[in-house]
Structures are given as structure tokens and as C-alpha cells.
Amino acid sequence: MKYPEFPDDVTYTPIGEILSSRVKGNVKLRGWIYRTRSSGKLAFVIIRDSTGIIQCTVSKNNVDKSDFVNAGKALVESSVVLDGLVVADERAPGGFEIRATSFNVVHFAEAFPITKDQSDEHLLNNRHLWLRSRNMVSALKIRSTVFKAFRDYWQNLDYTEIQSPSFTTSACEGGSTLFNVHYDDETEKSGQKFYAHLSQSWQLYAEASMFGLENIFTVAPSFRAEKSRTRRHLTEFWHAEVEAAWTHNHQMMEFEEGMIVYIIKKVLEENRSELEQLGRDISVLENIKAPFDKMKYEEVIDKLNSMGFDLAWGDDFGYKEEKALTQNLKSPVYITNFPREKGFYHRPDPSDPKSLVCHDLLAPEGYGEIIGGGERVWSPDELVERIREEGLEPESYGWYLDIRKFGSVPHSGFGLGLDRTVSWICGSDHIKHVIPFPRTMRRTTP
RNA sequence: GCCGCUGUAGCUCAGUUGGUCAGAGCAUCCGGCUGUUAACCGGACGGUCAUCGGUUCGAAUCCGAUCAGCGGCGCCA
């Protein structure tokens, strides 16, 4: 490709500003061809940039001959720079069009592999190109707002953002979902290859970091080798986690409630057009109100059984149960006091030791669990007991047990699935639609 | 880990009981059209029917294995 000269001292108008009537008259546009069709004397070229799409008419009589030829020849996704006059015209999608006075193709695209006939598999194989689509762009803008809102909320509460390693050697969510890594094939320790695995959660590191900073949060990928093939699972997902010293479960739940309301508020402020593009029913988001309902696990069991399920104490809620519970809700709902067969770091309830001081938050409309959190075991002896109870070996948690020996304190925290949250806010039918390059058990490319 | 499904042209698919079954639409290319809304009209290009093996006079079609992928369950965020 021969690179054309591209001036760096020219002001270009974002398409969104034209569509919102903020700009009139002659403009310079740059972007990519979204759709195109031409006749002998008039070409209709729809241009997109990150802010919107607008129709551009290129008439043989109004531009240089070569510009007209190029406008007719350039395929979808060709990059272009053009001059033209903004005209309100009902025949144009969006109500405005550009009557071009010049039309320059910066790069002629090859035939774009994604056309109107699409399948899931093809779009996933071509995700590197599908990221240009209007729905992807909308979802990713909302995602960006959600990430920022999460950070802002906790920073405003004087929490400190910190980072934990992704390579670790200790499991905190059960060993069956660990990704093992050949960390260093050359090095052998005790006669074995030196291995590591990818972090399932920052939990253990958070509890170590908390003793210095007290109130902390992180945004990081977590990795789980779950063989899950559902609309809610990824093997690499973005995990927003919070941990706070001197804090009880019910206090953390109140913070979380405020966080969810804040995130929704920010998306409504900044991403209305993206929500519309995705076909989201915005009133559903506007009706989310705190305080959220709170139910104990045993109450949920009773309620589900009254709805026709057949559950006993200790049973887990599957997707069907969660859906039955949440599909008619307007706001998320908390479930607390789960049975103690959960992570070993959760603290049993002193007044009811068969259950834990913990909570999940389920999103409405059947989206299900987006938060898991609770109070942690803070007594060193009880922690060793709990590790044994889960069939694990305390010896492999050396440093984690060590942090309990020096001024242990009550503390609570939670993990929020950011991708699930975005999926819910977008009203997406699959979590893969809201992350740029989704990772599942069967896909690590592109 | 369990259940189900798919693989035919660049894309989306049709192809009946095994026998003119190598097909369509879209895309691309060529030609036509001054208002199109992923336009329309005419023409051209395009396939080792996922791979390997088997059954058969004959396989896209039946059988087996392999590979790739999709949907769902369980578990989780």
C-alpha cells in the first residue's frame, strides 16, 4: 500500500455532532464506509465513525471525476476523508446527509468478510473485524462506563486500588477449575516441574494487602477452567473485588447496593444512545431502586418450594431456580446466610453455625448472580479448621495463615462480575457480546 | 463432567428413500440505472460436500473414527 499524505492540521467533525444538529454548513468528515451503493451518476455512501453513521451522497456533477469513480468503487470498510455540505433530508437515514464536494479514499478495503448473513461462529472467528460493528461499539462504550463508575465509587469512599498477581500457587475456589501453567519448564523443584496456575480471585492477596491499606479494591481478570457452556460464563472474566477491614457483612452489602445504583445512574447519564442502539428497555434500568430485597437462604428455599421446586437445605440454586426467583424483579435481590459448603474463607454465623455470614446479589430479569461476598474467617484457629473441613491442607496456605497471626480483625469483601454486570445492563442474550475478545473453553482466538 | 446439535461456494443455507445433486440468495467482478435505505435489472466468477476410513455397482446422503465449533445443564462471578 502506498500511503497517501494525511494532513495533521485539519479539524474533522464527528458524525454524532451533525446528527444532533450541533453542526451545520460545510464540514470535513473522516471515517469508514458502512454501506454503499451507486448508480450511474449518484453514489450513496454511508460513513461511520465512533460517534454514529451518516449518509453521504456523491454526485457526478459535484466532485472531481476521479472522486466519483472512487466513491463508486470503494468497498465497505474502506477508510475515507471527505468534504461536503450538511443538509437535512428526510430521505436520509438519521434525517441528515452530506452532499460531498470531495471524496478521498485513504485505503481501499478488500471485500469485508462479514456481510448481512451472519452466524455466531463466523462473528466469533472474525471478532477482530466484528469489533467495528455498531452493537459491539455500543456495548464496549457501556462497558467502559461501568468500569469507570466502579472505580470512581470506591475511590470516592477513600478505598485504595491495588493489584494482585495472576500467577499463583494457592487455590481459593476449589481445585477443579484451575488453569495450570508450565511456569518454567527448565526449573525443577523437589524433582517436579515448577508449575503455577492462573488466579481465580484476588481473595487471599486482598486479605494480606488489607492490613496495611484497610480499604481496598481491584479490577483484574480472573481465570476459571469451568467446563461451563452457558450465556453467563467465560474462562477469563473481569473481576471487580473489594475488601475492607473492620467491616461487617451487612455494612458491605449497603456499600454494594450504593455501587450498583451508582453504576446504573452513570450508564443512564452517559450511554442512552448506546442502550437504544442495543434495543435495551431503558425504563427497566430507570426503575432500579435501593434498598434491594434481602432474603435468607432458607427463606429462598421455602419460597422456591412454594413455587413448585423440590429443594432441601444444602441444595444449590441452579439457573432455573435463579431465573424463577429473579425474572419478575425490578431490582436486584440479596440472598444471605448460605450453607457453609462454600469457600473456606467465609465466616460461619456464630448464631447459626450451619450457615455463613455471606451474601450473593442476583440481578433481575433472569441474569442471576453478579456478586458473591461476605465476612471472612478472622480467627486463625477457625481458619485452619475451615480449610480442613473443605478437604484442603493448611500447609499449602502458609503465608495466608501467617497474616492471621498478627493483629487479625473482622473484615468483609465481595467480588463483582463486571462482564455479567455489563451483560445485564445491556440486556444482552450472551456474555460474549459485551467483552471484546471472549475466552471460553473452546475458544482462545482471535 | 453430562446432554444435544452443526460442518456443502467468501457468507447464509437447500439438497427427499443412496442413482443429472454440485444448487439458490447474498458478497465479489463486468454492464445498466439521478434518491437509494444491507435497492433493483442482466451477465460472469466461485465448491477435495470438514478430514480419514468403511459399506455399495454407485455416497454430500448410510456407518465408524478424528478435528473444529455451537447450544444447554451442573458449578460459579
Side-chain angles (χ1 to χ4, degrees), chain A residues 33-46 53-62 68 72-73 75-77 87 89-95 97 99 109-126 129-130 133-134 172-174 176-177 200-203 220-241 315-323 338 341-343 360-363 367-373 414-424 429-432 435 438 440-445:
Chain A
I33 296 180
Y34 181 67
R35 305 276 183 262
T36 180
R37 62 191 77 82
S38 62
S39 61
K41 289 170 186 169
L42 183 63
F44 298 94
V45 185
I46 298 177
I53 62 169
I54 193 165
Q55 174 167 285
C56 170
T57 55
V58 186
S59 167
K60 199 173 183 177
N61 300 326
N62 293 346
F68 181 76
K73 197 170 67 174
L75 302 181
V76 165
E77 288 304 320
V87 178
D89 191 320
E90 285 181 0
R91 294 171 295 184
E97 69 178 24
R99 306 262 163 87
E110 296 177 22
F112 201 59
I114 304 173
T115 61
K116 72 171 178 179
D117 294 317
Q118 301 161 353
S119 64
D120 258 358
E121 185 177 356
H122 189 238
L123 294 181
L124 285 167
N125 287 338
N126 290 284
L129 302 175
W130 184 238
S133 70
R134 302 190 74 205
C172 61
E173 299 289 333
S176 64
T177 66
Q200 301 163 302
S201 162
W202 82 327
Q203 186 60 42
S222 283
F223 305 88
R224 298 198 186 164
E226 289 159 346
K227 302 283 192 290
S228 309
R229 304 190 49 79
T230 81
R231 66 192 64 194
R232 306 154 64 214
H233 283 85
L234 297 166
T235 50
E236 177 177 359
F237 68 96
W238 280 82
H239 210 174
E241 295 175 276
D315 286 348
D316 278 309
F317 308 134
Y319 178 67
K320 276 183 200 142
E321 288 82 2
E322 278 189 9
K323 191 171 178 187
F338 279 89
E341 294 75 26
K342 227 169 153 64
D360 280 2
L361 184 69
L362 307 190
Y367 280 91
E369 183 179 355
I370 55 173
I371 285 178
F414 71 93
L416 168 73
L418 285 167
D419 316 277
R420 282 186 182 178
T421 304
V422 177
S423 184
W424 162 48
D429 62 10
H430 199 296
I431 196 168
K432 71 189 172 194
I435 182 169
T440 63
M441 287 309 284
R442 305 302 292 269
R443 183 175 289 280
T444 53
T445 185

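Every chain is numbered from 1 and lettered A, B, ... according to where its sequence line falls, protein lines coming before strand lines. What you see is a predicted model, and the numbers here were worked out from it, not measured in a lab.
- Distance CH2/A:Trp424 to CG/A:Asp419: 14.5 Å, rounded to 0.5 Å.
- The nucleotide B:rG69 finds its pairing partner in B:rC5, both defining distances of the Watson-Crick or G-U wobble pair being shorter than 3.5 Å.
- Base-pair partner of B:rC62: B:rG54 (Watson-Crick or G-U wobble, both distances under 3.5 Å).
- If you check distances only, the side chain of A:His122 never reaches the base of B:rC11 with a donor-acceptor pair under 3.5 Å.
- Among residues two or more places apart in sequence or in another chain, the side chain to side chain donor-acceptor pair (under 3.5 Å) test is passed with A:Thr230 by A:His233.
- In the interface, the side chain of A:Asp117 is paired with the base of B:rG25 through a donor and an acceptor atom under 3.5 Å apart.
- Dashed line: the shortest gap from a side-chain N or O of A:His233 to OP1 or OP2 of B:rG72 is not under 4.0 Å.
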* What is the per-nucleotide protein-contact pattern of nucleotides 30-36 of chain B, from the 5' end, where B denotes a base atom under 4.0 Å from a protein heavy atom, S denotes such proximity for sugar-phosphate atoms only, and - denotes neither? -> ---BBBB

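- Within 3.5 Å, no donor on the side chain of A:Arg229 pairs with an acceptor on the base of B:rC3, nor the reverse.
- The partner of B:rC26 is B:rG10, judged by Watson-Crick or G-U wobble contacts that both fall below 3.5 Å.
- Put simply, CD on A:Glu77 and OG1 on A:Thr36 are 12.0 Å apart, with the number rounded to the nearest 0.5 Å.
- Here the separation of B:rA9 from B:rU16, taken at their C1' atoms, is 23 Å to the nearest Å.
- Comparing B:rC76, B:rG71, B:rU12 by their closest approach to the side chain of A:Glu322 singles out B:rC76.
- Judged by Watson-Crick or G-U wobble contacts below 3.5 Å, the nucleotide B:rG74 has no partner.
- Listed by first and then second residue, the side chain to side chain donor-acceptor pair (under 3.5 Å) pairs involving residues 114-124 of chain A are A:Asp120-A:Lys432, A:His122-A:Asn126 (not counting sequence neighbours).
- In terms of phosphate contacts, A:Arg231 brings no side-chain nitrogen or oxygen within less than 4.0 Å of OP1 or OP2 of B:rG71.
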